[in-house]
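All heavy atoms count here, side chains included; hydrogens, waters and symmetry mates do not. Residue numbering restarts at 1 for every chain, and letters A, B, ... go by the order of the sequence lines.
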Amino acid sequence: MPELPEVEVVRRGLAEHVTGRRVRGVEVSHPRSVRRQPGGAAELVERLDGQLLRAVRRRGKYLWLELGDDAPEAALLAHLGMSGQLLVQPAERPDEKHLRIRLRFDDDGPELRFVDQRTFGGLTVTDVTGPDALPVPVAHIGRDPMDPAFDAEAAVGGLRRRRTGLKRALLDQTLVSGIGNIYADESLWRARLHYERPTATLTRPEGRRLLTAAREVMDEALAAGGTSFDALYVDVHGDSGYFDRALAVYGQQDRPCPRCGTPVRRAPFMNRSSYWCPTCQPRPRRRHP
DNA sequence: CGAGTATCCTGTCCGC
DNA sequence: TGCGGACAGGATACTC
């Protein structure tokens, strides 16, 4: 559930506090947090210990540290899942209850801790591929709306070629990445589009409107330090952002739509919830063949 | 192959 | 006070 703005908050914190430092000492205390590493904890430690962290990068909700002295030779790839946190902590700070992985450095400065209550997230050391040196598991992920090379026209075309509902397409990270349940609902509200609108009926202007809305809402969330309503989404110091106070519909069932005052509705969707304003975002009429 | 769904996990909250 | 169930939900393995 940390989505693009929350992950970017973490990326910036890591860039400030761990770039240019060399790993010396890695401890894995929960196997599930390294389940994507083919050789498990032993392989992660073997590939990570002694490496220089040369840069911190992000695409969508994926975050990675480039490993290598002169060129990116591999990457420490992180996904926060629903409850993952990357914390920069003084070594003497007591371990968090859900501490899963600890990285120490050769400068004896603060350590990097991966803390994850629900263990949907994890760390992996992976090879990098292509001219952009992307970690292999990230190669299939689409660019996100904050990427300078994001091609909105191509993304609109991609949306229109899908045969599904709009929100389902937004949550699919291959077309546009970085959008999860919160920002999907907020973006659809801003663009005045219903979450079950068939992608095939989307006009180009509507598609542009939606992607612009997504970009705007995530920009604003980032400026507020990210969204947090249950203290799980925090920066590298464990502090929360403030964007939850600005949410228009997400989690706002029965509260008035900020635009028209109609009570916000909630409905089950894909094992989670969708929130929308029934006036601003009317359900699409069923097409009759 | 595209679309849709089951599944993983732990903590909190609510009703009874 | 305890207990069962709903809910939070990203990514992937899986089926059709």
Side-chain angles (χ1 to χ4, degrees), chain A residues 1-8 10 28-38 40 58-64 77-86 95-101 114-124 126 134-142 144 157-188 195-202 214 218 226-234 240 243-244 247 249-254 264-275:
Chain A
M1 198 164 31
E3 304 179 30
L4 188 155
E6 293 75 40
V7 178
E8 177 61 17
V10 174
V28 177
S29 48
H30 197 304
R32 196 172 142 79
S33 299
V34 294
R35 67 192 180 284
R36 306 208 183 290
Q37 192 78 49
R58 182 189 58 73
R59 175 171 287 193
K61 304 170 198 169
Y62 285 87
L63 179 69
W64 65 95
L77 180 63
H79 199 292
L80 302 180
M82 285 185 45
S83 56
Q85 306 174 343
L86 283 164
D95 289 359
E96 292 76 8
K97 180 177 179 187
H98 301 293
L99 175 64
R100 309 302 190 193
I101 300 169
F114 180 70
V115 176
D116 190 9
Q117 176 195 103
R118 297 174 209 172
T119 66
F120 277 64
L123 303 186
T124 323
T126 78
L134 292 179
V136 171
V138 177
H140 75 287
I141 299 295
D144 61 67
L159 279 176
R160 282 157 47 87
R161 280 190 294 275
R162 303 298 292 276
R163 291 295 177 269
T164 184
L166 209 40
K167 181 167 174 179
R168 208 180 277 276
L170 282 182
L171 295 177
D172 179 342
Q173 304 295 302
T174 57
L175 211 48
V176 179
S177 67
I179 301 175
N181 205 40
I182 298 173
Y183 297 112
D185 282 358
E186 292 296 308
S187 303
L188 288 161
Y195 65 100
E196 283 184 322
R197 173 71 177 274
T199 48
T201 70
L202 194 70
M218 291 196 289
T227 296
S228 177
F229 41 75
D230 64 2
L232 284 178
Y233 322 136
V234 297
S240 298
F243 193 69
D244 52 317
L247 294 172
V249 288
Y250 183 83
Q252 309 297 312
Q253 184 178 15
D254 297 333
V264 169
R265 297 201 53 195
R266 184 189 84 86
F269 176 79
M270 290 175 75
N271 275 335
R272 56 206 69 170
S273 295
S274 270
Y275 298 89

- Query: In whole Å, what is the span from the CE atom of A:Met82 to the C1' atom of B:dT7?
  - Reply: 13 Å

- Approximate separation, where rounding is to 0.5 Å, of A:Gln37 CD and A:Thr124 OG1: 5.5 Å

- Message: Is it the case that the side chain of A:Ser274 and the backbone of A:Phe269 share a donor-acceptor pair, with hydrogens and angles ignored and the cut-off at 3.5 Å?
- Response: no

- Message: Rounded to whole Å, please give me the gap between CG in A:Asn181 and P in C:dA8.
- Response: 8 Å

- Query: Taking only side-chain nitrogens and oxygens of A:Tyr275, does any of them come within less than 4.0 Å of OP1 or OP2 of C:dA8?
  - Reply: yes

- Before giving the answer on salt bridge (charged side-chain N to carboxylate O under 4.0 Å, His left out), spell out for A:Lys167 and A:Glu196 the whole-Å C-alpha distance, their side-chain angles and the decisive distance to 0.1 Å. CA-CA 7 Å; A:Lys167 181 167 174 179; A:Glu196 283 184 322; over 6 Å; no

- Query: Rounding to a whole Å, what distance do you find between A:Asp116:CG and B:dC8:P?
  - Reply: 17 Å

- Could you check how far CZ of A:Arg163 sits from P of B:dA3, rounded to whole Å? 8 Å

- Item | Nearest-angstrom distance from the residue atom CD of A:Gln253 to P of B:dC13 | 18 Å

- Task: Could you check how far CG of A:Asn271 sits from P of C:dG10, rounded to whole Å?
- Result: 11 Å

- Task: Look at the side chain of A:Thr199 and the backbone N and O of A:Gly165, then say whether any donor-acceptor pair between them is shorter than 3.5 Å.
- Result: no

- Query: Any side-chain donor-acceptor pair under 3.5 Å between A:Arg266 and A:Ser273?
  - Reply: yes

- In B/S/- notation (B base, S sugar-phosphate only, - none; protein heavy atoms under 4.0 Å), nucleotides 11-16 of chain C written 5' to 3' is SS----

- Message: By the 4.0 Å heavy-atom rule, please label A:Arg161 as base, sugar-phosphate, or nothing.
- Response: nothing

- Using atom types as modelled and distance alone, determine if a side-chain donor or acceptor of A:Gln85 lies under 3.5 Å from a backbone N or O of A:Ser83. no

- Students should find that the end-to-end axis angle of the helix from B:dG2-C:dC16 to B:dC16-C:dG2, with five pairs defining each axis and rounding to 10 degrees, is 50°

- Message: Any donor-acceptor pair, under 3.5 Å, between the side chain of A:Arg168 and the base of B:dA3, if you only look at N and O atoms?
- Response: no

- From the options B:dT7, C:dC7, B:dG4, select the nucleotide whose nearest atom is closest to the side chain of A:Thr164. B:dG4

- Query: Hey, is the main chain of A:Ile182 close enough, under 3.5 Å, to the side chain of A:Glu3 for a donor-acceptor pair?
  - Reply: yes

- Message: Between A:Arg118 and B:dC8, is there a contact of a side-chain N or O with OP1 or OP2 at under 4.0 Å?
- Response: no

- Message: In whole Å, I'd like the distance from the CG atom of A:Leu4 to the C1' atom of C:dG10.
- Response: 14 Å

- Message: Does a side-chain N or O of A:Thr119 approach OP1 or OP2 of B:dC8 to a distance below 4.0 Å, or not?
- Response: no

- Message: So, does A:Lys97 get its side chain near the phosphate of B:dG11, meaning an N or O under 4.0 Å from OP1 or OP2?
- Response: yes

- Item | Evaluation steps, salt bridge (charged side-chain N to carboxylate O under 4.0 Å, His left out), between A:Arg58 and A:Asp144 | CA-CA 9 Å; A:Arg58 182 189 58 73; A:Asp144 61 67; 3.1 Å; yes

- From CD1 (A:Ile101) to CG (A:Leu123), nearest 0.5 Å: 4.0 Å

- Message: Please pick, from B:dA3, B:dG11, C:dC7, the nucleotide with the shortest atom-to-atom distance to any side-chain atom of A:Arg162.
- Response: B:dA3

- Message: Could you tell me how far apart A:Met270 (CE) and B:dT5 (P) are, to the nearest whole angstrom?
- Response: 8 Å

- Item | Check ion pair A:Arg162-A:Asp172 (N to O, under 4.0 angstrom) | yes

- Query: Quick one: is B:dG11 close enough that its OP1 or OP2 comes under 4.0 Å of any side-chain N or O from A:Ser83?
  - Reply: no

